[in-house]
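Side chains are part of it too, since the values below use all heavy atoms of this structure and drop only hydrogens, waters and symmetry mates. All figures in this text were calculated on a predicted structure; none of them were measured in a lab. Chain naming here is simple, since letters A, B, ... match the order of the sequence lines and numbering starts at 1 in each.
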2 protein chains.
Amino acid sequence: MVRWQPGARERLQAAALERFAAEGFDGTTVAEIAATAGLTERTFFRHFADKREVLFAGQDEFERLFVAGIEDAPDADPMTVVATALEGATAFFPEDRRSWSRARQGVIDADPGLQERELLKLSGLAVAMTDALCRRGADPIAAALAAESGVAVFKVGFATWIAEGEQRPLAAILRAVLGELRSLLAS
Amino acid sequence: MVRWQPGARERLQAAALERFAAEGFDGTTVAEIAATAGLTERTFFRHFADKREVLFAGQDEFERLFVAGIEDAPDADPMTVVATALEGATAFFPEDRRSWSRARQGVIDADPGLQERELLKLSGLAVAMTDALCRRGADPIAAALAAESGVAVFKVGFATWIAEGEQRPLAAILRAVLGELRSLLAS
DNA sequence: ACGCTCATGTCAGGTACTGACATCAGCGTA
DNA sequence: TACGCTGATGTCAGTACCTGACATGAGCGT
């Protein structure tokens with residue numbers, strides 16, 4: 001007889017998303033999530049730094065993918081490098097994740113606290129990209145602007161991707177949004 | 001003999017910034033801040049929705065200034081309109097606020113929780129700008145990108161403004177940063 | 001003198017989060 | 001087999017954030 005079942009972390013994540021979607025983020029206590037996963041509150045906090053973080057595990061991997069995309073891109077100006085990395089990062093969001101992403105985003109959009117956390121993650125992404133660009137020799141201001149622009153394109157593109165009725169894959173959307181941004185700033 | 005001194009809100013804000021700078025955000029309790037201001041914890045929460053918010057009161061006014069700048073701008077493409085609004089919003093940060101802004105930013109940069117809140121405020125700013133641009137008839141995607149770009153320029157410019165040794169006024173810096181962004185995306 | 005308003009105080013309570021210590025299955029090793 | 005180590009989990013106590021309900025009392029109009 002095992003004392004504890006494996007996959008505690010994943011069970012907690014699944015339980016949290018389910019409960020948040022049903023009762024709302026504020027309407028769900030950590031103790032409830034843990035109980036749903038067959039664990040205790042204390043164990044939840046051993047797996048996740050705080051209640052919000054349970055929805056954002058895996059972001060590190062996404063960030064690493066993005067940074068790797070920058071490091072591996074062929075020599076070019078910062079914005080083109082970012083565009084290349086943007087392309088590569090879409091591998092993190094294959095088609096079969098679209099409806100799951102929609103559900104998760106719905107939960108986040110319903111709570112300012114979760115939005116804060118998402119913005120912090122995206123900001124961390126921009127910082128990591130900026131650093132990676134600087135390591136390639138880019139000017140710091142140019143690197144920061146390119147990274148922030150890349151994140152802005154991703155935000156707008158991702159929102160479009162999970163919008164009702166949207167059919168295009170994320171990569172195609174990101175290309176279109178980036179094109180729009182370029183023409184916007186050409187004036 | 002008065003039962004309570006006026007300016008409770010301002011006293012709380014001053015006490016909070018002082019304590020945060022000295023003991024750190026986490027190392028300061030709301031009860032301490034309130035006591036420093038000669039009030040109780042409960043009163044603190046009547047003035048500010050949560051502990052973080054005490055550092056961000058006044059952001060609404062800044063946002064209104066920004067939106068007004070967009071509404072009053074002469075007819076032009078979205079990015080030019082945003083550039084005009086950016087110009088006008090610098091009135092919120094006159095020279096004599098620079099060192100105060102530096103101190104406040106130092107406190108924020110030292111705590112992830114405060115960074116989250118700052119990002120949420122900036123995101124709210126971008127949303128308000130997007131809406132204002134849409135009301136002027138801009139395309140939603142173009143409006144969102146212009147607003148996000150404007151906020152990115154402001155972030156980078158503001159960080160430069162409060163950097164050690166920087167002399168230029170904010171407006172001049174923002175013009176330069178925007179120029180840099182334009183040339184970055186021209187390729 | 002009366003009552004209204006409104007900022008504040010007081011108190012009880014819920015929830016997030018943390019530190020310290022206990023438990024116990026699995027596993028290697030003597 | 002017996003022993004002890006490891007590591008995930010449980011238990012418990014405690015702090016701080018935040019909220020709802022109710023009390024207080026100065027200022028003000030009537």
Side-chain angles (χ1 to χ4, degrees), chain A residues 1-57 107-108 110-118 120-121, chain B residues 1-57 107-108 110-118 120-121:
Chain A
M1 186 58 187
V2 291
R3 176 160 153 81
W4 38 267
Q5 301 291 329
R9 191 182 176 84
E10 289 69 25
R11 255 156 45 225
L12 285 167
Q13 291 180 81
L17 183 57
E18 182 191 326
R19 291 301 214 120
F20 290 165
E23 321 277 345
F25 180 76
D26 276 344
T28 308
T29 68
V30 174
E32 282 168 16
I33 299 168
T36 303
L39 296 163
T40 64
E41 190 183 7
R42 191 67 184 87
T43 299
F44 177 96
F45 286 112
R46 286 206 180 89
H47 284 279
F48 306 101
D50 59 49
K51 186 182 172 187
R52 299 171 192 172
E53 201 63 19
V54 68
L55 280 181
F56 295 91
V107 170
I108 293 172
D111 185 89
L114 291 172
Q115 290 162 40
E116 282 188 339
R117 182 54 49 85
E118 179 174 47
L120 188 67
K121 296 290 183 184
Chain B
M1 187 55 189
V2 290
R3 175 161 154 78
W4 37 267
Q5 301 290 331
R9 191 181 175 83
E10 290 69 25
R11 255 155 45 225
L12 285 167
Q13 291 181 80
L17 183 57
E18 182 191 327
R19 291 301 215 120
F20 290 165
E23 322 276 344
F25 180 76
D26 275 344
T28 307
T29 68
V30 173
E32 281 168 18
I33 298 169
T36 304
L39 296 163
T40 64
E41 190 183 3
R42 190 66 183 87
T43 299
F44 177 96
F45 286 111
R46 286 207 181 87
H47 285 279
F48 306 101
D50 59 49
K51 186 182 173 187
R52 300 172 191 172
E53 199 63 20
V54 67
L55 280 180
F56 295 91
V107 170
I108 294 172
D111 186 89
L114 292 172
Q115 291 162 38
E116 282 188 339
R117 181 56 48 85
E118 180 176 45
L120 187 67
K121 296 290 183 181

task: To the nearest Å, give me how far apart CD (B:Q5) and C1' (D:dG27) are.
output: 14 Å
Euclidean distance, atom CZ of residue B:F20 to atom P of D:dA16 [Å, nearest integer]: 14 Å
message: For A:K121, is there an ion pair with A:E53 - N to carboxylate O distance below 4.0 angstrom?
response: yes
query: After noting the C-alpha distance and the side-chain angles of B:E118 and B:R52, does the key distance pass the salt bridge (Lys or Arg N to Asp or Glu O under 4.0 Å) rule?
result: CA-CA 9 Å; B:E118 180 176 45; B:R52 300 172 191 172; over 6 Å; no
- line: In whole angstroms, the gap separating C1' of C:dG14 from NZ of A:K51 amounts to 12 Å
- prompt: Between D:dA16 atom P and A:D50 atom CG, what is the distance in whole Å?
  reply: 19 Å
task: Give, ordered by number, those residues of residues 31-46 of chain A having at least one heavy-atom distance below 4.0 Å to an atom of DNA chain C; if nothing qualifies, reply none.
output: A:E41, A:R42, A:F45, A:R46
statement: B:R11 atom CZ is separated from C:dA7 atom C1', nearest whole Å, by 11 Å
Spacing of B:E116 atom CD and A:Q115 atom CD [to the nearest 0.5 Å]: 11.5 Å
query: Between A:A15 and A:T36, which heavy-atom pair has the shortest distance, and what is it?
result: CB-CG2, 3.7 Å
message: Nearest whole Å is fine: how far is C:dC17 P from A:E53 CD?
response: 10 Å
field: Donor-acceptor contact below 3.5 Å, side chain A:R11 vs main chain A:A37
entry: yes
message: Counting only side-chain heavy atoms from C-beta out, which of C:dA16, C:dT8, D:dC17 sits nearest to B:H47?
response: C:dT8
- request: Run the numbers on A:R46 and A:T43 for side-chain contact (heavy atoms from CB on, under 4.5 Å), then give the verdict.
  value: CA-CA 5 Å; A:R46 286 206 180 89; A:T43 299; 4.1 Å; yes
Nearest-angstrom distance from the residue atom CZ of B:F25 to C1' of D:dA16: 11 Å
message: Using whole Å, what does the distance between atom P of nucleotide D:dA16 and atom CG of B:D111 come to?
response: 16 Å
- prompt: Per the side chain to side chain contact (heavy atoms under 4.5 Å, CB included) rule, which among B:I108, B:V107, B:D26 passes with B:F20?
  reply: B:V107
side-chain contact (heavy atoms from CB on, under 4.5 Å) between B:D50 and B:R117, worked out: CA-CA 11 Å; B:D50 59 49; B:R117 181 56 48 85; 3.1 Å; yes
Which atoms of nucleotides 4-6 of chain C (N or O only) lie under 3.5 Å from a protein N or O atom, and what are those distances?
none

message: So, taking the atom named CZ in B:F56 and the one named CG in B:L120, what distance separates them when rounded to the nearest 0.5 Å?
response: 9.5 Å
